[in-house]
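Here is the structure we will look at.
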Protein chains: 4
Amino acid sequence: MARPRNTESDAAILADASDTLREGGYDALVVDDLARRVGVAKTTVYRRWPTKNHLVAGAIASWRGETPVPGGGSLEDDLVVLVSDLAEFVDPAPMRRMIAELVAAAVREPELRPHVDALWRERRDALGRLLGAGSGVADQLLGAVFYRAIVSHEPLDGEFAAALVRSTLAGARPQ
Amino acid sequence: MARPRNTESDAAILADASDTLREGGYDALVVDDLARRVGVAKTTVYRRWPTKNHLVAGAIASWRGETPVPGGGSLEDDLVVLVSDLAEFVDPAPMRRMIAELVAAAVREPELRPHVDALWRERRDALGRLLGAGSGVADQLLGAVFYRAIVSHEPLDGEFAAALVRSTLAGARPQ
Amino acid sequence: MARPRNTESDAAILADASDTLREGGYDALVVDDLARRVGVAKTTVYRRWPTKNHLVAGAIASWRGETPVPGGGSLEDDLVVLVSDLAEFVDPAPMRRMIAELVAAAVREPELRPHVDALWRERRDALGRLLGAGSGVADQLLGAVFYRAIVSHEPLDGEFAAALVRSTLAGARPQ
Amino acid sequence: MARPRNTESDAAILADASDTLREGGYDALVVDDLARRVGVAKTTVYRRWPTKNHLVAGAIASWRGETPVPGGGSLEDDLVVLVSDLAEFVDPAPMRRMIAELVAAAVREPELRPHVDALWRERRDALGRLLGAGSGVADQLLGAVFYRAIVSHEPLDGEFAAALVRSTLAGARPQ
DNA sequence: CACTAACCGAGACGGTACGTCCAGTCTTATA
DNA sequence: TATAAGACTGGACGTACCGTCTCGGTTAGTG
């Protein structure tokens, strides 16, 4: 009954926020500037997302990308496909940065958690389907990838993914 | 010849920072307020730690605790001791919060990395000694722990540690 | 031919505006809030009064009260009646506040002037009839009253009115 | 012992505020813009004046100008000198506007009153010395001037001043 | 009795300014 | 040289209101 929200504004704001985040990271996203760029009043932004963090969460939702559906290979091959894809998704420096930033933001404001988790939920579920959802092994793989991405800052490539899968499947042996 | 630094100030600042971080988290630590509480000039803080993040890292350093030296048991037993200890160290909510915050800060400002890493370096090294430093398995364990701590927000207890070690040693098997 | 305006809305809006102004002053009157209180759309307000200031002027109009018609007495007596009545009208704190606010608004937006002047036009005309419209003495009396009301913030009572009239009629003598 | 305030900033801020007020009136004074123009951080402004209104009051304090000291003439001549000077001071359109605005602001925030009153205190005192401080006639003259300035919006010139003084001294006679 | 123009509630929107918060740097006097 | 005190720059945040606009729906009086 009332004037409906302009959905184009939603899209334009999210697109700009997304681009800005990729290019300059969290601190480069300034609500005032974004509004000016998009040609929208600041209030229009805040009406939709009560906080910069909420906006960020909304913006990155578009980053999820396609989760591959590894049809036929062996368990190891299928896992390598999924983990490689995850590694590739997470690898770019701006993405690492955003993930670290968002993980921190989600700790500060719990309502952000589901939005942040959504980024890798599909990939996590795919791993869970292969490995058994309750086994925890999927999270071991995710954990190893995130550890490299935001803690140890080591490269994330196909080689790493393959080695990780092999090691995880085979079990660790010292030396 | 010159006036020496007051070492009591160092301790008092760190103590207050540590308490404040535990109670209110990263954003609750405001340098101005801290200085007033401690009865110290802001300059005195910044002369010692060039950045709020450095101060936070310093304050957190006191949280490290003792890394156990698992002498005699089997490989699995020794790992469980170390991983349980790590889990216990990382588990408390303020610690999770700070780790997320510091990990993000370290991504933003690379010079912070060694200070942040120092928080778990000893435990990581101990795991490396048991598992072979280059094998990457130590990081798999760390990754799994951090993943729970700051991403999936699941509990971190001895049971989890034992299951993680067992699964990691034995190798994953689907279903 | 078209749907007529709801005259009850006019009254309800004015009543609420009047009350709010008396209680909290100019800044307490927020068009958004008023509309919500009255149960009316903001558009309905702005269709009737193009500006908050116009609404304020309208609300205030209900405060005018009755101008006395001093029939019989001497010139001095008649003037005291009129000036006392004006003083009483202007004296209450909310009225002083609104007059100051409206006078300022009328300086900013000249189209408001007639509406604001209307508040005291009748009383001014009555004084003019007694004193000669072009003599300027009526405005001297009004000026003295307003000066107390909004500049010097002194009390406005019958005693003051009587002294003012006497002094004005007799002419000032130093000491 | 602490770094002292930069008194040049005070002066520069007041000067800019004063100019801006004269040129564009109350609403043209935007704290953000002023700070940029002066080359000062907004916080530096707010450290000195807690509110825009306080800044405005400070700025106009410089407008007081010189109160003439009417030495020798007759009472009427001396009064005409003073009232003409007051009229001239108050006459310019920006000044009328500011006075109306400030009078309203002083009604809203009583702590502003003394600063606003200071604008004409000297002239009021000078009138009081000629006419007797307690007689109230000084305020009658001031009231008449302010009434023209901000209520009736009539011109304020020497002719008016002379007529006002004459009428006030002689006493009003109808017709 | 249908049509049409104006009214109405609801609330989105642009625009503008305000005052606040904090990090990190700088300046002064003192120890 | 260190320190207390606190001024200063710089930048962003979120809030508050005003007045305009756009919907869907309602309500007369006219043709």
Side-chain angles (χ1 to χ4, degrees), chain A residues 1-7 9-10 27-36 38-53, chain B residues 1-7 9 27 29-36 38-55, chain C residues 1-7 9 27 29-36 38-55, chain D residues 1-7 9-10 27-36 39-53 55:
Chain A
M1 190 161 166
R3 175 175 177 178
R5 289 207 183 155
N6 184 343
T7 52
S9 294
D10 293 61
D27 290 341
L29 182 64
V30 175
V31 181
D32 257 305
D33 298 352
L34 172 141
R36 202 170 312 123
V38 176
V40 136
K42 207 173 26 157
T43 31
T44 297
V45 177
Y46 278 105
R47 190 173 302 114
R48 289 161 168 73
W49 299 277
T51 274
K52 175 177 165 177
N53 278 333
Chain B
M1 161 169 151
R3 178 172 174 180
R5 285 200 187 161
N6 183 344
T7 52
S9 293
D27 290 342
L29 182 65
V30 175
V31 181
D32 263 301
D33 297 352
L34 172 140
R36 202 170 310 123
V38 176
V40 133
K42 234 194 334 178
T43 349
T44 301
V45 177
Y46 278 104
R47 192 172 300 113
R48 289 162 169 76
W49 297 276
T51 273
K52 174 176 165 176
N53 282 330
H54 288 86
L55 170 61
Chain C
M1 174 166 156
R3 176 176 176 179
R5 287 202 186 157
N6 183 345
T7 52
S9 293
D27 289 342
L29 182 64
V30 175
V31 181
D32 263 302
D33 298 352
L34 172 140
R36 202 169 309 123
V38 176
V40 134
K42 232 191 337 173
T43 348
T44 300
V45 178
Y46 278 104
R47 192 173 300 114
R48 288 160 170 75
W49 298 275
T51 274
K52 173 176 165 177
N53 281 330
H54 288 86
L55 171 60
Chain D
M1 189 160 163
R3 176 177 177 177
R5 289 207 183 154
N6 185 343
T7 52
S9 293
D10 293 61
D27 290 340
L29 182 64
V30 175
V31 181
D32 256 306
D33 298 352
L34 172 141
R36 200 171 313 121
V40 136
K42 208 173 25 157
T43 30
T44 297
V45 178
Y46 278 105
R47 191 174 301 114
R48 288 162 168 74
W49 299 276
T51 274
K52 175 177 163 176
N53 278 333
L55 171 60

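Just so you know, these numbers use all the heavy atoms, side chains as well, and skip hydrogens, waters and symmetry mates. Numbers restart at 1 for each chain; the letters A, B, ... are given by sequence-line order, proteins then strands.
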Problem - Distance (rounded to the nearest 0.5 Å) between A:Asp33 CG and A:Arg36 CZ - result: 5.0 Å

Handout entry: Distance test, side-chain N/O of C:Lys42 to OP1/OP2 of E:dA10, below 4.0 Å
Key = no

Problem - Minimum side-chain heavy-atom gap A:Asn6-A:Val40 below 4.5 Å - result: no

Problem - Whole angstrom value for the distance that separates C1' of E:dC26 from CZ of B:Arg47 - result: 12 Å

Handout entry: For C:Arg5, salt bridge (Lys or Arg N to Asp or Glu O under 4.0 Å) partners two or more places apart
Key = none

Problem - A:Thr43 side-chain N/O to F:dA16 phosphate OP1/OP2 under 4.0 Å - result: no

Handout entry: Options F:dT22, F:dG19, F:dC8, nucleotide nearest the side-chain atoms of D:Arg3
Key = F:dC8

Practice task
Round to the nearest Å and state the distance from A:Asp27 atom CG to F:dA12 atom P.
Solution key: 9 Å

Exercise for the section: Using a heavy-atom cut-off of under 4.0 Å over every strand shown, decide if D:Pro50 touches base, sugar-phosphate, or nothing. Expected result: nothing

Exercise for the section: Could you say whether D:Asn53 or C:Ser9 is positioned toward the 5' end of DNA chain E, judged by the nucleotide with the nearest heavy atom to each? Expected result: C:Ser9

Practice task
Between C:Val30 and A:Ala2, just flag the one whose closest nucleotide in DNA chain F comes earlier from the 5' side.
Solution key: C:Val30

Problem - Heavy-atom pair with the smallest gap, counting every atom of D:Lys52 and D:Asp27 - result: NZ-CA, 4.2 Å

Fill in the blank from the handout: When rounded to whole Å, the OH to C1' distance for the pair D:Tyr46 and F:dG11 reads 15 Å

Practice task
Starting from P on F:dC17, measure out to CZ on C:Arg36 and report it in whole angstrom.
Solution key: 10 Å

Exercise for the section: With heavy atoms under 4.0 Å as the rule, sort A:Leu29 into base, sugar-phosphate or nothing. Expected result: sugar-phosphate

Fill in the blank from the handout: Ranking A:Val31 and D:Val40 by the position along DNA chain F of their nearest nucleotide, the one closer to 5' is D:Val40

Practice task
Report yes if a side-chain nitrogen or oxygen of B:Arg5 is closer than 4.0 Å to either non-bridging phosphate oxygen (OP1 or OP2) of F:dT1; otherwise report no.
Solution key: no

Fill in the blank from the handout: Whole-Å distance, C:Trp49 CH2 to F:dT20 P, equals 16 Å

Exercise for the section: Return the nearest nucleotide to the side chain of C:Lys52; candidates are F:dG19, E:dG9, F:dC8. Expected result: F:dG19

Practice task
Consider the side chain of B:Arg48, meaning its heavy atoms from C-beta on, and name the nucleotide among E:dC8, E:dC13, F:dT3 that approaches it most closely.
Solution key: F:dT3

